[in-house]
Chemist: 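Below: one structure in structure tokens.
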Amino acid sequence: MADFENAAIEKLSPLKDLTDEQERLVDDILGFCADHIQDDYPATYTIFGDAGTGKSVVLSQLFDRLQKSSRGDQTSPFYGTENYFIVNHPEILKVYREIAGTRKELFKKDFARPTSLINQLDKQGKTFDIAVIDEAHLLLSKADHYNNFYHDNQLEEIIKRSKVVVIVFDEFQVLRFKSLWTPERLQKITHKHPYKEYHLQHMFRMNASDDLVAWFNHFTSKYELTDLPENARDGYDFRIYDDAEEMRKAIVARNKEVGLSRILSTSGYPSTLDGGKHYICEGRFKMPWDQYNYTVTPWAELPQTIDEVGSIYTCQGFDLNYTGIIIGPPISQIPGTNKLQINMDKYTDTEAFKKRLDLTEPAEIQAMKERLIMNSLNVLFKRGVYGTYIYAHDPLLRESLVKLFNQAKLHY
């Protein structure tokens with residue numbers, strides 16, 4: 001049986017072994033920071049990479065080394081610097097703060113959400129030295145008064161308050177209009193300053209073949225069904241179900257065996273932030289959406305969440321051992337074709353598409369909405385390290401997927 005890791009803290013630990021490429025990248029970023037730490041103007045280093053390419057592990061080790069130098073190495077250019085690790089995702093922040101509790105060079109206060117840090121610095125009239133930003137595609141790119149962010153762009157505000165900013169970015173994990181980013185929008189900000197960029201390519205998270213990962217990407221970027229690769233199950237437990245309840249039972253069995261296995265779903269089912277339970281129903285299958293997690297433990301690591309359906313907001317950024325993914329009502333197959341369509345009238349995450357003054361063209365708005373919906377599915381596709389199971393709400397899409405699975409002789 002594979003060597004299963006069941007704590008998110010192990011996935012992001014600064015003690016995790018890096019590849020030669022990742023080691024060189026950390027060294028290069030440290031050199032870039034050293035070159036610019038004394039400048040009177042900011043500099044930026046951007047790491048681009050798809051989900052699962054090891055971006056967060058690089059940042060975790062980078063920040064650990066920065067803080068070790070800052071607090072204990074008087075010969076280092078970073079000695080005495082004030083640095084922050086920033087992530088705009090409450091569940092991921094919990095993991096990093098848990099890591100800080102195990103490392104003497106890291107303090108929990110080193111890790112912050114952007115709005116809290118920006119407002120804290122403004123209140124104190126302070127700036128700092130190095131910002132390390134995980135999941136920069138989640139930074140707000142417009143004001144959000146409801147959440148006490150009154151500026152126009154979080155990345156710009158962080159750059160104003162620091163000397164060097166290191167970020168990781170994945171355009172395919174942009175999920176909301178208030179965090180609307182493209183590489184072009186990002187570079188309009190980062191290229192105002194001295195900058196460097198690096199592209200991570202190799203998929204580390206999933207044990208899946210490159211061909212299966214490419215199939216996931218084609219599904220979500222081209223809106224098209226294609227033949228499944230014959231090696232889709234080589235070293236990886238890939239399945240397609242025509243019964244959501246049978247998929248649930250398989251995930252429960254996996255969770256009993258190895259832990260950290262969960263059901264996940266796209267939008268398209270009732271969901272309201274009113275504290276009540278809202279159910280996803282598919283034939284015999286009935287489970288509630290994830291509940292707001294008030295604990296310090298990430299959602300996926302709570303034992304009781306095997307009886308909930310995870311959303312994009314609780315699983316983004318996390319590794320799971322096995323995932324059962326429900327492709328909800330917004331995504332269906334066009335009859336008589338192998339093409340997919342987005343049904344905006346069936347999309348229930350209304351918070352995702354809050355109006356932006358810089359988006360005015362109806363065609364652009366529609367295309368962007370569709371892109372964000374498929375981005376969310378792409379994120380779900382790439383959570384399972386050892387296996388991914390799929391069920392589709394749309395009857396035609398479900399039938400076609402099962403047919404493709406059988407044609408490829410991918411039995412389980």
Chemist: Decide, yes or no, whether a salt bridge links Lys142 with Asp358 under the criterion of side-chain N to carboxylate O below 4.0 Å.
Modeler: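 Judged by the 4.0 Å cut-off on N to carboxylate O distance, Lys142 and Asp358 do not form a salt bridge.
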Chemist: Please indicate whether Asn338 has more than 12 foreign heavy atoms, meaning atoms of other residues, nucleotides or ligands, lying under 6.0 Å from its CG.
Modeler: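 Yes - once you tally the heavy atoms of other residues, nucleotides and ligands closer than 6.0 Å, there are more than 12.
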Chemist: Could you check whether any side-chain heavy atom of His393 comes within less than 4.5 Å of a side-chain heavy atom of Tyr269, counting everything from C-beta outward?
Modeler: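 Heavy-atom side-chain distance check passes, below 4.5 Å.
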Chemist: Mind checking what makes side chain to side chain donor-acceptor pair (under 3.5 Å) contact with Gln120, not counting sequence neighbours?
Modeler: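 Not a single residue meets the side chain to side chain donor-acceptor pair (under 3.5 Å) criterion with Gln120.
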Chemist: Among Tyr96, Phe107, Phe128, which residue meets the ring pair (Phe, Tyr, Trp, His ring centres under 6.0 Å) test with Phe85?
Modeler: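 For Phe85, the ring pair (Phe, Tyr, Trp, His ring centres under 6.0 Å) check succeeds only for Tyr96.
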Chemist: May I ask you to check whether Asn378 and Lys382 show a side-chain donor-acceptor distance below 3.5 Å?
Modeler: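 Short answer, yes.
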Chemist: Do we see a donor-acceptor contact under 3.5 Å between the side chains of Gln341 and Tyr223?
Modeler: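 Their side chains do not contain a donor-acceptor pair, so the 3.5 Å distance test is not met.
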Chemist: Any donor and acceptor pair, going by atom type alone, linking the side chain of Gln316 with main-chain N or O of Val379 inside 3.5 Å?
Modeler: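 Answer holds: no.
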Chemist: Heavy atoms, side chains only, cut-off 4.5 Å: are Thr44 and Ile167 in contact?
Modeler: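 The answer is no; the side chains never approach within 4.5 Å.
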Chemist: Using ring pair (Phe, Tyr, Trp, His ring centres under 6.0 Å) as the criterion, list what pairs up with Phe405, not counting sequence neighbours.
Modeler: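 Scan of Phe405 (ring pair (Phe, Tyr, Trp, His ring centres under 6.0 Å), adjacent residues dropped) gives Tyr412.
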Chemist: Count the heavy atoms of every other residue, nucleotide or ligand shown that sit under 6.0 Å from NZ of Lys222, and state whether that count exceeds 12.
Modeler: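 12 or below, so no.
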Chemist: Quick one about Asn321 and Ser261 (side-chain donor to acceptor, distance below 3.5 Å, no hydrogens or angles considered), yes or no?
Modeler: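 Per modelled atom types, Ser261 and Asn321 side chains form no pair under 3.5 Å.
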Chemist: Taking only residues two or more places apart in sequence or in another chain, which ones pass side chain to side chain donor-acceptor pair (under 3.5 Å) with Ser141?
Modeler: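 Side chain to side chain donor-acceptor pair (under 3.5 Å) list for Ser141, sorted by chain: Arg356.
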Chemist: Got a sec, which residues hit ring pair (Phe, Tyr, Trp, His ring centres under 6.0 Å) with Tyr45, two or more places apart in sequence or on another chain?
Modeler: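 For Tyr45, the residues satisfying ring pair (Phe, Tyr, Trp, His ring centres under 6.0 Å) (neighbours in sequence not counted) are Phe32.
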Chemist: With a 4.5 Å heavy-atom cut-off, do Glu197 and Phe48 have their side chains touching?
Modeler: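 Answer yes - side chains close enough.
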Chemist: Name all residues meeting the ring pair (Phe, Tyr, Trp, His ring centres under 6.0 Å) criterion together with Tyr236; count only those two or more places apart in sequence or in a different chain, and write none if there are none.
Modeler: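 For Tyr236, no residue satisfies ring pair (Phe, Tyr, Trp, His ring centres under 6.0 Å) once neighbours in sequence are set aside.
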Chemist: Regarding Arg398 and Asp394, does a basic nitrogen lie under 4.0 Å from an acidic carboxylate oxygen?
Modeler: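 The answer is no: the pair does not qualify as a salt bridge.
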Chemist: Quick one: do Glu91 and Lys94 make a salt bridge, cutoff under 4.0 Å?
Modeler: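 Counted as a salt bridge, because a side-chain N and a carboxylate O are separated by less than 4.0 Å.
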Chemist: Check this for me: does any side-chain nitrogen of one of Arg262 and Glu308 sit under 4.0 Å from a carboxylate oxygen of the other?
Modeler: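 Between Glu308 and Arg262 there is no salt bridge, as every charged N stays at least 4.0 Å from the carboxylate O atoms.
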Chemist: Can you list everything that forms a salt bridge (Lys or Arg N to Asp or Glu O under 4.0 Å) with Asp110? Sequence neighbours excluded, please.
Modeler: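 Partners of Asp110 under the salt bridge (Lys or Arg N to Asp or Glu O under 4.0 Å) test: Arg71.
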Chemist: Please determine whether a side-chain nitrogen of the Lys or Arg among Lys192 and Glu156 lies less than 4.0 Å from a carboxylate oxygen of the Asp or Glu.
Modeler: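 Between Glu156 and Lys192 there is a salt bridge, with a charged N closer than 4.0 Å to a carboxylate O.
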Chemist: List for me each residue that meets side-chain contact (heavy atoms from CB on, under 4.5 Å) alongside Lys68, sequence neighbours excluded, and say none if there are none.
Modeler: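 Asp64, Arg103, Glu105.
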Chemist: Which pair of non-hydrogen atoms, one from His151 and one from Phe149, has the smallest distance, and what is that distance?
Modeler: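 For His151 and Phe149, the tightest heavy-atom pair comes out as O-CE2, 3.3 Å.
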Chemist: Show the nearest heavy-atom pair for residues Ser56 and Glu135, with the distance to one decimal.
Modeler: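 Scanning both residues, the minimum pair turns out to be OG-OE2, 4.4 Å.
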Chemist: Compute both the distance and the angle, then confirm whether Arg254 meets the cation-pi test with Tyr322: under 6.0 Å from the six-membered ring centre, within 45 degrees of the axis.
Modeler: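 Judged by the rule, Arg254 and Tyr322 form a cation-pi pair.
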Chemist: Atom CG of Leu225 and atom CD1 of Ile334: how far apart are they, to the nearest 0.5 Å?
Modeler: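 Result: 10.5 Å between the selected atoms.
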Chemist: Centres of the Tyr347 and Phe353 rings: under 6.0 Å?
Modeler: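 Centroid distance Tyr347-Phe353: below 6.0 Å, so yes.
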Chemist: Name all pairs fulfilling the side-chain hydrogen bond (donor to acceptor under 3.5 Å, both in side chains) condition that reach into residues 158-168, sequence neighbours left out, sorted by first residue then second.
Modeler: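 Passing the test, one end in residues 158-168: Asp122-Arg161, Asp129-Lys163, Glu157-Lys160, Glu157-Arg161.
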Chemist: Would you indicate whether Glu361, at its atom CD, is surrounded by more than 12 heavy atoms from other residues, nucleotides or ligands within a distance under 6.0 Å?
Modeler: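 For Glu361, atom CD is not crowded (no more than 12 foreign heavy atoms under 6.0 Å).
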Chemist: With a 6.0 Å cut-off (strictly less than), is the heavy-atom count around CG of Asn148, excluding the residue itself, greater than 12?
Modeler: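 Counting other residues, nucleotides and ligands, CG of Asn148 exceeds 12 neighbours.
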Chemist: Which residues pass the side-chain contact (heavy atoms from CB on, under 4.5 Å) test with Phe172, sequence neighbours left out?
Modeler: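 If we apply the side-chain contact (heavy atoms from CB on, under 4.5 Å) test to Phe172, skipping adjacent residues, the hits are Asp50, Asp170, Asn375.
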Chemist: Take Tyr294 and Tyr292 through the test ring-ring contact (aromatic ring centres under 6.0 Å, His included) and record every step on the way to the result.
Modeler: CA-CA 6 Å; Tyr294 292 97; Tyr292 189 83; 4.6 Å; yes
Chemist: May I ask you to check whether Tyr313 and Asp290 show a side-chain donor-acceptor distance below 3.5 Å?
Modeler: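 No pair is found: no donor N or O on one side chain lies under 3.5 Å from an acceptor on the other.
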Chemist: Could you verify whether a donor N or O on one side chain and an acceptor N or O on the other, from Ser400 and Gln333, lie under 3.5 Å apart?
Modeler: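 Their side chains do contain a donor-acceptor pair, which is all the 3.5 Å distance test asks for.
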Chemist: Applying salt bridge (Lys or Arg N to Asp or Glu O under 4.0 Å) as the test, list every pair that has at least one member in residues 315-329; sequence neighbours left out.
Modeler: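 Residue pairs passing salt bridge (Lys or Arg N to Asp or Glu O under 4.0 Å), neighbours aside: Arg205-Asp319.
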Chemist: Would you indicate whether the side-chain heavy atoms of Ile47 and Phe169 approach each other to under 4.5 Å?
Modeler: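 Counting from C-beta outward, Phe169 and Ile47 never come under 4.5 Å.
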Chemist: So Glu224 and His218, side chain to side chain donor-acceptor pair (under 3.5 Å) or not? Walk me through it.
Modeler: CA-CA 7 Å; Glu224 183 181 38; His218 190 89; 2.6 Å; yes
Chemist: Regarding Asp27 and Arg65, does a basic nitrogen lie under 4.0 Å from an acidic carboxylate oxygen?
Modeler: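 Here Asp27 pairs with Arg65 in a salt bridge, since their nearest N and O are under 4.0 Å apart.
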Chemist: For a 4.5 angstrom cut-off between non-hydrogen side-chain atoms, does Gln154 reach Leu140?
Modeler: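 Counting from C-beta outward, Gln154 and Leu140 do come under 4.5 Å.
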Chemist: Lys256: which residues meet the side-chain contact (heavy atoms from CB on, under 4.5 Å) condition with it, sequence neighbours left out?
Modeler: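 Once residues adjacent in sequence are excluded, the partners of Lys256 under the side-chain contact (heavy atoms from CB on, under 4.5 Å) criterion are Val252.
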Chemist: Using 4.0 Å as the upper bound for N to carboxylate O, is an ion pair formed by Asp144 and Lys178?
Modeler: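 Salt bridge between Lys178 and Asp144, a charged N being under 4.0 Å from a carboxylate O: yes.
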Chemist: Working note: Thr46 + Thr190, criterion side chain to side chain donor-acceptor pair (under 3.5 Å); need CA distance, chi angles, decisive distance, verdict.
Modeler: CA-CA 8 Å; Thr46 304; Thr190 59; 4.6 Å; no
Chemist: My understanding is that only residues two or more places apart in sequence, or in another chain, count here; which of them pass ring pair (Phe, Tyr, Trp, His ring centres under 6.0 Å) with Tyr195?
Modeler: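 Expected list: His191.
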